[in-house]
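Input: a single structure, listed below in structure tokens.
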Amino acid sequence: MATVATAGAHALAVPRRAFLATRTKQLSFLSTSLKMGFNLLQLRSTAPATARKNLIIRAARIESQGVSLGFRAPHFELPEPLTGKMWKLEDFESYPALLVMFICNHCPFVKHLQKDIVKLSNFYMTKGLAVVAISSNSVATHPQDGPEFMAEEAKLFNYPFPYLYDESQDVAQDFGAACTPEFFLFKKDGRRPFQLVYHGQFDDSRPSNNLPVTGRDIRLAIECVLSGQPVSSNQKPSVGCSIKWHPQTVQ
């Protein structure tokens, strides 16, 4: 009888161990799924992979590219989200110098300089410098850089310059812009077109190097232009986030 009882207990134990092993695997899978952020209900409703399109997003920390000094300012006509006004290059024709800045809302390199860009602009705009900022980032990849948020940013930081939206990214390409922030300083002699005299960094400060923000490099260039002095061609490139180009669609 003892042998029969033992055999019976063993027979019952085998299915129980199998059940526990299966249950353990199920719990392990569930735990892994949760850690990876999957939602089982979403998985059931997700379209097949073959029906979805993959997006290639180009993004990196880069330097501004070489644009020849003497380069003529390209024509542009862009909206200002804060006011709804359209701005053109011709609106700045009466100024002896024009600073064009490619910036955006989210870039840490821009945020690092943001308050000092406003201070510098306020100071030199009273001395005859025209200033305009342009955001060309794709809202497909970075919706926080969209026009409604640009308007909020301009109002929050009290931008003294128009902050324009380059939705097509044509203006960024015409300028040869590659990163944010990127600075183009043009001078104008009489009726001659704006010509590029400075395409470099704000200063040596970066978000991670603990150097104070001074605006030394760009200040020196602006001072030279406004005083009629030549600007040194020894210019360090600006460093920042890459402009977020519209993603390419892969079928």
Side-chain angles (χ1 to χ4, degrees), residues 64-65 67-105 110 113-114 116-137 145 147 150-151 153-155 157-202 215 217-231 233 235 238 240 243:
S64 55
Q65 306 299 310
V67 177
S68 300
L69 298 180
F71 167 73
R72 292 185 177 183
H75 172 76
F76 61 83
E77 185 172 355
L78 296 172
E80 180 183 15
L82 180 63
T83 64
K85 178 180 177 180
M86 294 293 295
W87 289 81
K88 300 179 293 184
L89 177 64
E90 290 77 10
D91 293 324
F92 305 99
E93 286 290 328
S94 62
Y95 293 86
L98 170 65
L99 177 62
V100 179
M101 306 179 291
F102 284 85
I103 64 173
C104 67
N105 293 351
V110 174
L113 302 176
Q114 198 164 26
D116 291 274
I117 286 174
V118 171
K119 289 179 183 178
L120 179 139
S121 299
N122 275 321
F123 180 79
Y124 284 106
M125 286 173 71
T126 63
K127 297 181 178 295
L129 177 70
V131 182
V132 60
I134 299 172
S135 177
S136 303
N137 277 1
D145 289 335
M150 289 174 60
E153 195 86 348
K155 189 173 182 180
F157 287 91
N158 198 25
Y159 283 174
F161 44 78
Y163 185 23
L164 311 182
Y165 180 44
D166 177 24
E167 182 177 11
S168 70
Q169 303 186 326
D170 289 343
V171 175
Q173 294 183 28
D174 289 344
F175 272 81
C179 64
T180 57
E182 187 163 353
F183 305 95
F184 296 81
L185 178 63
F186 298 89
K187 74 171 184 178
K188 195 172 190 303
D189 293 324
R191 295 185 178 181
R192 298 179 64 185
F194 281 113
Q195 291 187 313
L196 185 69
V197 293
Y198 182 79
H199 179 224
Q201 65 177 10
F202 196 77
D217 296 60
I218 200 164
R219 281 181 183 277
L220 180 60
I222 294 171
E223 290 282 356
C224 288
V225 172
L226 294 180
S227 62
Q229 301 299 314
V231 178
S233 60
Q235 303 172 9
S238 186
I243 287 180

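The figures that follow rest on heavy atoms only: side chains count, while hydrogens, waters and symmetry mates do not.
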Y95 atom OH, over 12 foreign heavy atoms within 6.0 Å: no

Over 12 foreign heavy atoms within 6.0 Å of CD, E167: no

side-chain contact (heavy atoms from CB on, under 4.5 Å) between D174 and F76, worked out: CA-CA 9 Å; D174 289 344; F76 61 83; over 6 Å; no

side-chain contact (heavy atoms from CB on, under 4.5 Å) evaluation trace for L99 with Y124: CA-CA 10 Å; L99 177 62; Y124 284 106; over 6 Å; no

Measuring from atom [atom1] of [X] to atom [atom2] of [Y], what distance do you get when rounded to the nearest 0.5 angstrom?
| X | Y | atom1 | atom2 | answer |
| --- | --- | --- | --- | --- |
| M101 | S238 | CE | OG | 11.5 Å |
| D145 | C104 | CG | SG | 4.5 Å |
| D116 | S121 | CG | OG | 10.5 Å |
| Q235 | L185 | CD | CG | 9.0 Å |
| T83 | L164 | OG1 | CG | 8.5 Å |
| E182 | F175 | CD | CZ | 10.5 Å |

Nearest atoms (heavy-atom pairs only) where [X] meets [Y]:
| X | Y | answer |
| --- | --- | --- |
| A97 | F194 | C-CE2, 4.1 Å |
| F92 | V132 | CZ-CB, 4.1 Å |
| L113 | P181 | CD1-CG, 3.9 Å |
| N105 | M150 | ND2-N, 3.4 Å |
| L69 | H199 | CD2-N, 4.4 Å |
| S68 | L196 | O-CD2, 3.8 Å |

Aromatic ring proximity F183/Y198, centre distance under 6.0 Å: no

Counterpart residues, ring pair (Phe, Tyr, Trp, His ring centres under 6.0 Å), relative to Y163 (two or more places apart): Y159

Partners meeting side-chain contact (heavy atoms from CB on, under 4.5 Å) with K155 (sequence neighbours left out): L82

Parallel, tilted or perpendicular, as decided by the 30° and 60° cut-offs, for the rings of F71 and F186: tilted

Aromatic ring pairing F184/F102, orientation class (parallel under 30°, perpendicular over 60°, tilted between): perpendicular

Evaluation steps, side-chain contact (heavy atoms from CB on, under 4.5 Å), between L120 and I222: CA-CA 10 Å; L120 179 139; I222 294 171; 3.8 Å; yes

So, the side chain of [X] versus the backbone of [Y]: is there a donor-acceptor pair under 3.5 Å, distance only?
| X | Y | result |
| --- | --- | --- |
| D166 | A172 | yes |
| D91 | K88 | yes |
| E90 | H75 | no |

I134 side chain reached by V100 side chain, heavy atoms, under 4.5 Å: yes

Test item: L226 and P96 side chains (from C-beta on) under 4.5 Å apart, heavy atoms: yes

Partner set under salt bridge (charged side-chain N to carboxylate O under 4.0 Å, His left out) for E93, not counting sequence neighbours: K188

Stepwise side-chain contact (heavy atoms from CB on, under 4.5 Å) check, L98 with L89: CA-CA 10 Å; L98 170 65; L89 177 64; 3.7 Å; yes

